[in-house]
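Worksheet: the structure to be examined is printed underneath.
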Amino acid sequence: MFKSAARFAGAAVLSLLAFQATAEEYPDVTLRMAHPLPESWPAVQWDKWWAEEVTRRSDGKIKIEIFWSGQLGGLLEIKNLVSSGAVDLGVFAQAVHASEMPMTSIAAGLLNRVSADAPTAQKLAGEVYGAESTQAELAELNLQPIKWTVTSPYRLTCNKPINQMSDLEGLRVRAVGGAYVPIWMEAYGMVPTRVQAPEIREGLQRGTLDCNFGPIEWVPFFSLQSVAPYISDINTGTFTTFQLYAPQDRWNSWPESVRSLMTEVAQEAMMKDLEWLEGAEAEAYATFEEAGGQRIELADMDAFVAKSPDMIAIWEERMTADGMGDAIAPIVPMQREAAKSFE
């Protein structure tokens, strides 16, 4: 099912594909790619695969040097490095730049319970990137999206079990992205807490944090199973996490053969990401349970779902108040269609 869904998700980005060119048409070029994450981070292997595959298919003419772990700039800096042309390529989390790129950042799935699974999130992101208003925002920012990474559903991994909805009240939960995730959390009485990724385990261990908000495949990476042995079955939604960008002016200056090759390989990399994710999710759950972790079913799930805020309506209301109602009008139906994945 997951693989067939992956093929369906690919249709959303087919419009990005151009004609494949032959190796003789590629220029000799070495490109620098800034990456904020370590090479061991879950799913970044597809960023590496993309870079290596572009080099291989161009017969070594297009070389891409990846600078891992923020060597060229940290998570908050890479967007500006790409936009200014200081680097040729860069990976960053557009969700943390929601105030600077409100149209584009919504493609990261900042709204809870819109995309229930990774294929839906990947498809929605491609549709949002293709919207005319998003394209205008990206042009102004001098950014060209190439590929994006998705995860399994974000869940609550906690140091205490969540047996019923009332157990959420007062829990200090790691919040990410812009303003919308905290709104959703506060509707249930949770206390959104800003914690950087390297501090998650320590926060859970010391009790300054009660729950992590993230996908299960991140749990073994951060070794959270020993400090947060309870994972809720609440599906808070699936998000795209990190996106690969090029400066748009530089992208447009590259020959069509280069742009076409990069886009084609990116399409394949995203399909591989989806196919890998199913096994990675199962493996992470196995590791979690082998360490004594428990999956906790919410007893009053129907009441929880009924109480969930309509985050699309909240986003629409806020964007309209900021004078962007007309701009987001084509995107709202995309989100509503994606939200059917929860039905």
Determine whether a donor-acceptor pair (N or O, by modelled atom type, separation under 3.5 Å) exists between the side chain of [X] and the backbone of [Y].
X      : Y      : result
Asp249 : Asn142 : no
Arg113 : Asn235 : yes
Asn112 : Met311 : no
Gln243 : Pro145 : no
Thr193 : Val191 : yes
Asn159 : Val227 : no
Thr134 : Val128 : yes
Gln71  : Trp68  : yes
Gln45  : Ala43  : yes
Ser257 : Glu25  : yes

Approximate separation, where rounding is to 0.5 Å, of [X] [atom1] and [Y] [atom2]:
X      : Y      : atom1 : atom2 : value
Ser133 : Ile328 : OG    : CD1   : 8.5 Å
Tyr245 : Gln144 : OH    : CD    : 9.0 Å
Ile216 : Glu281 : CD1   : CD    : 8.0 Å
Ser83  : Glu140 : OG    : CD    : 10.0 Å
Cys211 : Ile162 : SG    : CD1   : 4.5 Å
Arg172 : Leu209 : CZ    : CG    : 7.5 Å

I want to check something: taking the side chain as every heavy atom from C-beta on, are [X] and [Y] in contact at a cut-off of under 4.5 Å?
X      : Y      : value
Pro220 : Glu283 : no
Ile296 : Asn163 : yes
Gln335 : Ile106 : yes
Val114 : Ile312 : yes
Phe221 : Pro38  : yes
Ser115 : Lys123 : no
Met301 : Ile234 : yes
Tyr285 : Arg295 : yes

Exercise for the section: Report the residue from His97, Met101, Gln248 that forms a side chain to side chain contact (heavy atoms under 4.5 Å, CB included) with Leu143. Expected result: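 Option passing the side chain to side chain contact (heavy atoms under 4.5 Å, CB included) with Leu143: Met101.
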
Handout entry: Pair Lys160-Asp167, side-chain contact (heavy atoms from CB on, under 4.5 Å): steps then yes or no
Key = CA-CA 9 Å; Lys160 59 190 72 175; Asp167 292 336; over 6 Å; no

Closest non-hydrogen atom pair, [X] against [Y]:
X      : Y      : value
Thr236 : Tyr154 : OG1-O, 2.7 Å
Ala107 : Thr240 : O-OG1, 3.4 Å
Leu31  : Met262 : CD1-CE, 3.4 Å
Gln225 : Phe288 : CB-CD1, 3.8 Å
Phe304 : Met165 : CA-SD, 3.5 Å
Leu244 : Met33  : CD1-CE, 3.8 Å

Handout entry: Leu171 and Leu156: CA distance, side-chain angles, deciding distance, side-chain contact (heavy atoms from CB on, under 4.5 Å) verdict
Key = CA-CA 10 Å; Leu171 290 183; Leu156 301 177; 5.8 Å; no

Salt-bridge criterion met for [X] and [Y] (N-O under 4.0 Å):
X      : Y      : answer
Arg56  : Glu53  : yes
Glu337 : Lys340 : yes
Arg336 : Asp310 : yes
Lys272 : Glu268 : no
Asp88  : Arg32  : no

Practice task
Keeping to residues at least two apart or across chains, list the side-chain hydrogen bond (donor to acceptor under 3.5 Å, both in side chains) pairs with something in residues 312-325.
Solution key: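 Passing the test, one end in residues 312-325: no pairs.
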
Practice task
Give a yes or no on whether the ring-centroid distance for Trp41 and Phe222 is below 6.0 angstrom.
Solution key: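 Yes, close enough.
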
Side-chain heavy atoms under 4.5 angstrom apart, residues restricted to Ile, Leu, Val, Met, Phe, Trp, Tyr: same cluster for [X] and [Y]?
X      : Y      : result
Phe342 : Ile314 : no
Trp50  : Tyr26  : yes
Leu124 : Trp184 : yes
Val305 : Ile183 : yes
Ile146 : Met103 : yes

Exercise for the section: Go through the steps to decide whether Thr151 and Glu217 satisfy the test side chain to side chain donor-acceptor pair (under 3.5 Å), and finish with yes or no. Expected result: CA-CA 8 Å; Thr151 67; Glu217 59 269 21; 4.5 Å; no

Exercise for the section: Please state whether the rings of Trp276 and Trp46 are parallel, tilted or perpendicular, taking 30° and 60° as the class boundaries. Expected result: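 The rings of Trp276 and Trp46 stand perpendicular, inter-plane angle above 60°.
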
Heavy atoms from other residues, nucleotides or ligands near [atom1] of [X] exceed 12 (cutoff 6.0 Å):
X      : atom1 : result
Glu100 : CD    : yes
Gln135 : CD    : yes
Glu199 : CD    : yes

Practice task
Check the pair Arg201 / Leu224 against side-chain contact (heavy atoms from CB on, under 4.5 Å), numbers first and verdict last.
Solution key: CA-CA 6 Å; Arg201 193 178 193 283; Leu224 299 184; 3.9 Å; yes

Problem - Intermediate values then yes/no, side-chain contact (heavy atoms from CB on, under 4.5 Å), Val91 and Leu37 - result: CA-CA 9 Å; Val91 172; Leu37 303 175; 5.6 Å; no

